[in-house]
Amino acid sequence: MLPRSVRKNWDLYLLVLPVVVYFLLIKYLPMYGIQIAFKDFSVSKGIWGSDWVGMKHFIRFFHNYQFWTLIRNTVEISFFQILVGFPMPILFALLVNEARGKWFKKSVQSIAFMPHFLSTVVLVGMVMAFLSPSTGLVNQLIRLFGGEPVYFMTEPGMFKPIYILSDIWQNMGFSSVLYIAVLSGIDKHLYEAAMIDGANKLQRLVHIAIPCLVPTAVIMFIFQFGTIMDIGFEKIYLMQNDLNRSSSSVISTYVYEMGLLGSQFSFSAAVGLFNSVINLVLILTVNQLAKRAGGTSLW
Amino acid sequence: MGDAKKASRGDLLYDFAIHAILVVIALGTLYPLLYIVSASLSDPLSIVKGELWLLPKHATLSAYEKVFHNSDILTGYRNSLLYLVVGTSINIVLTTMGAYALSRNDFRGRYVLVLIFTFTLLFNGGLVPTYLVYKNMLGLYDNLWVMVIPGAVSVWNMIIMRTYFQTSIPYELQEAAFIDGCSNIRTLTSVVLPLSMPIIAVMTMYYGVSHWNSYFTALIYLDDHWRMPLQMVIRSILIREDTGSMTGGDGESLVEQQLLVEGMKYAVIVVASIPMLLLYPLVQRHFVKGVMMGAVKG
């Protein structure tokens, strides 16, 4: 006999059933396909029937001449993105919180949100239009001041700065929402008490607003640091060309090229699995460290 | 007395600095967007010659005329609208169903389910195994459903919605409905949902924007040219510059064609982005509340 709570709530199980089916088919069934990383996948034999080859594909990847380039690019892009990009939304939130005038605050915020709603294709299209050596605004400015046009998109050294700065332009405002929400939740009495004690605005910022943001910031930081090897495909792929490849090749674009364009299914599945395992270990470790250090963690 | 005056002068300077920085940020964000709009309305020749700085030069609507007469763009627009409407509807229905069940403390097994769902955030099949399974086992390759099914439920969104149900809808109301003999499903549709419009608005925005803006699924799983969403079409105009088919080639010289494409790029950006930029003001009211829900630990 089923427990009473199950019988009474049978229709809740009905509600959740399609969601469970979705997760099993769409998220868990692909994990069954991971085995091809340890096999030589052949289309005719299928996922199950292909022959086991052990760690062959992993070893091939570790000895690949591109291995360290891929790792370095992946880590560098994430690292600089955190270094430059992480503090920006926090600073912006603090500024907005300190500003006066409801209308002013709201307008600044709405403007800062706008780029977030542009698609990656549009964003990269805009970047390319602005940076075009012949017609782009930036190079027209450079020429106006007597400089030589710069081929931004094909210059490997420019790839990472362009990637990161355009990301800040697109997402700084939107990522600040969370911090703004936390700041607006601070008890007004704290500020009043500080004013009575003679604290000026800067002191109130340093001693009240910033400490209140720390727990949220720590969680966001853990999360970003845990995903340092997990870099999105969409934007990099669009910005990539044959000339900037030495600094734009990352693991996800390599998997796409090798696997879906080059049909090396097993090899690229191994590369992808290697990356997924590192991501998993990283986020679990970082979370554990944060829990031990300060009691804040994702779960 | 003197001290208070000095402090207030410092505060005044502080205020000025804060507002000045914010104005600079706002203008810096706005300028590229305004430039795009101006460029889309300008004579392409003046863009190429570098005469355009802020306001349209030799204003003309010819770029928009070209865009709205381009069959690829129109088909892409129609496809994207279809994927947006169908996809977001599926998203909202499934997310609500899952979130409501998980929100109930008397729902046995919810911890296990949350664990099963959140594990997929930490680990997944990866691109290639997923591709092979979708293609060979689920038959999703070049199938229209691939545009809406794989992203049908986002774990984050489901958790945000669950938290909303738990914290913003008094459980007493639901209990009263049970006493009146309502089933769980009836309670969800007639008590919980009418009180959940803020979160549904925010979810519609999140899901809607991700459908409209994605190109990855189509890149990988779609083959048929006429099923491509708008983002794939504009990708070929903006980034790969496959412009041969764009201008129609009705007797224009190569230089004229290039100019036309140059002007068209900006109009394409505007046309593709307007729907999403209009979406935000609609849900702005509900937005901060929805975000706060996400801040609560899942």
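- Under the 30°/60° scheme for interplanar angles, the aromatic rings of A:F223 and B:W156 are found to stand perpendicular.
- Contact annotation for B:F178: neither backbone nor side-chain heavy atoms come within less than 4.5 Å of a heavy atom of chain A.
- Here the side chains of B:Y134 and A:L29 are not in contact, with every heavy-atom distance at 4.5 Å or above.
- Note on ring orientation: taking the six-membered ring where Trp is involved, the planes of A:F117 and B:Y280 are tilted (angle from 30° to 60°).
- The candidate from B:N124, B:V23, B:I36 with the greatest count of non-hydrogen atom pairs under 4.5 Å with chain A is B:I36.
- With contacts defined as side-chain heavy-atom distances shorter than 4.5 Å, the pair B:M158/A:V19 qualifies.
- Heavy-atom distances place both the backbone and the side chain of B:I234 under 4.5 Å from chain A.
- Using a 4.5 Å heavy-atom cutoff, the side chains of A:Y22 and B:I90 are not in contact.
- Ranked by heavy-atom pairs shorter than 4.5 Å toward chain A, the options B:V48, B:I185, B:V209 are led by B:I185.
- Using a 4.5 Å cut-off between heavy atoms, B:W212 does not touch chain A at all.
- Only the side chain of A:F174 comes within less than 4.5 Å of a heavy atom of chain B; its backbone N, CA, C and O stay farther away.
- Residues B:N136 and A:I47 have side chains not in contact (no heavy-atom distance under 4.5 Å, counting atoms from C-beta outward).
- Heavy-atom distances place both the backbone and the side chain of B:N184 under 4.5 Å from chain A.
- Only the side chain of A:M172 comes within less than 4.5 Å of a heavy atom of chain B; its backbone N, CA, C and O stay farther away.
- Within the 4.5 angstrom heavy-atom criterion, atoms from both the backbone and the side chain of A:Y256 approach chain B.
- Panel note: side chain A:Y32, backbone B:V133; no donor-acceptor pair is recorded below 3.5 Å.
- Looking only at heavy-atom pairs under 4.5 Å with chain A, the residue among B:T118, B:L52, B:L277 that has the most is B:L277.
- For chain A, the nearby part of B:M205 is the side chain; its heavy atoms alone come within less than 4.5 Å.
- Here the side chain of A:N200 pairs no donor or acceptor atom with the backbone of B:G10 at under 3.5 angstrom.
- Contacts between B:L127 and chain A at a heavy-atom distance below 4.5 Å involve the side chain alone, from C-beta outward.
- Annotation: A:R204, atom CZ; neighbour count of heavy atoms from other residues, nucleotides and ligands within 6.0 Å is above 12.
- Comparing B:V155, B:L138, B:I116 by how many heavy-atom pairs each has under 4.5 Å with chain A, the most go to B:I116.
- By number of non-hydrogen pairs under 4.5 angstrom with chain A, the leading residue of B:I21, B:L279, B:L94, B:L132 is B:L132.
- Residue A:M128 holds its CE atom at 8.5 Å from CG of B:L238, rounded to the nearest 0.5 Å.
- Residues A:F265 and B:Y131 are in side-chain contact: their nearest non-hydrogen atoms beyond the backbone lie under 4.5 Å apart.
- Looking at A:Y13, both its backbone and its side chain come within 4.5 Å of chain B, counting heavy atoms on both sides.
- In this structure, the side chains of B:Y14 and A:E98 come closer than 4.5 Å at one or more pairs of heavy atoms.
- There is no contact between A:R143 and chain B, counting heavy-atom distances below 4.5 Å.
- Within the 4.5 angstrom heavy-atom criterion, only side-chain atoms of A:I36, from C-beta onward, approach chain B.
- Of all the listed residues (B:L102, B:V93, B:I149), the one sharing the greatest number of non-hydrogen pairs under 4.5 Å with chain A is B:I149.
- Considering CG of B:L30 and CE of A:M114, their distance stands at 6.0 Å, rounded to 0.5 Å.
- Contact of A:L25 with chain B is made through backbone and side chain together, with heavy-atom distances under 4.5 Å.
- Looking at A:D11, the atoms closer than 4.5 Å to chain B (heavy atoms on both sides) sit in the backbone and in the side chain alike.
- Between A:V20 and B:L113 there is a side-chain heavy-atom pair separated by less than 4.5 Å.
- Under the 3.5 Å distance criterion, the side-chain polar atoms of A:Q140 are matched with a main-chain donor or acceptor of B:I47.
- In this structure, A:L137 CG and B:W53 CH2 are separated by 5.5 Å, a value rounded to the nearest 0.5 Å.
- Between the B:N213 side chain and the A:T120 main chain, no donor and acceptor come within less than 3.5 Å of each other.
- Both the backbone and the side chain of A:V96 come within contact range of chain B, each with at least one heavy atom under 4.5 Å from a heavy atom of that chain.
- In this structure, B:Y100 contributes its side chain and A:V16 its backbone to no donor-acceptor pair below 3.5 Å.
- Atom CG of A:L282 sits about 12.0 Å away from atom CG of B:L122, to the nearest 0.5 Å.
- Both the backbone and the side chain of A:I34 come within contact range of chain B, with heavy atoms under 4.5 Å apart.
- Under a 3.5 Å cut-off, the side chain of B:Y215 and the backbone N or O of A:E234 do form a donor-acceptor pair.
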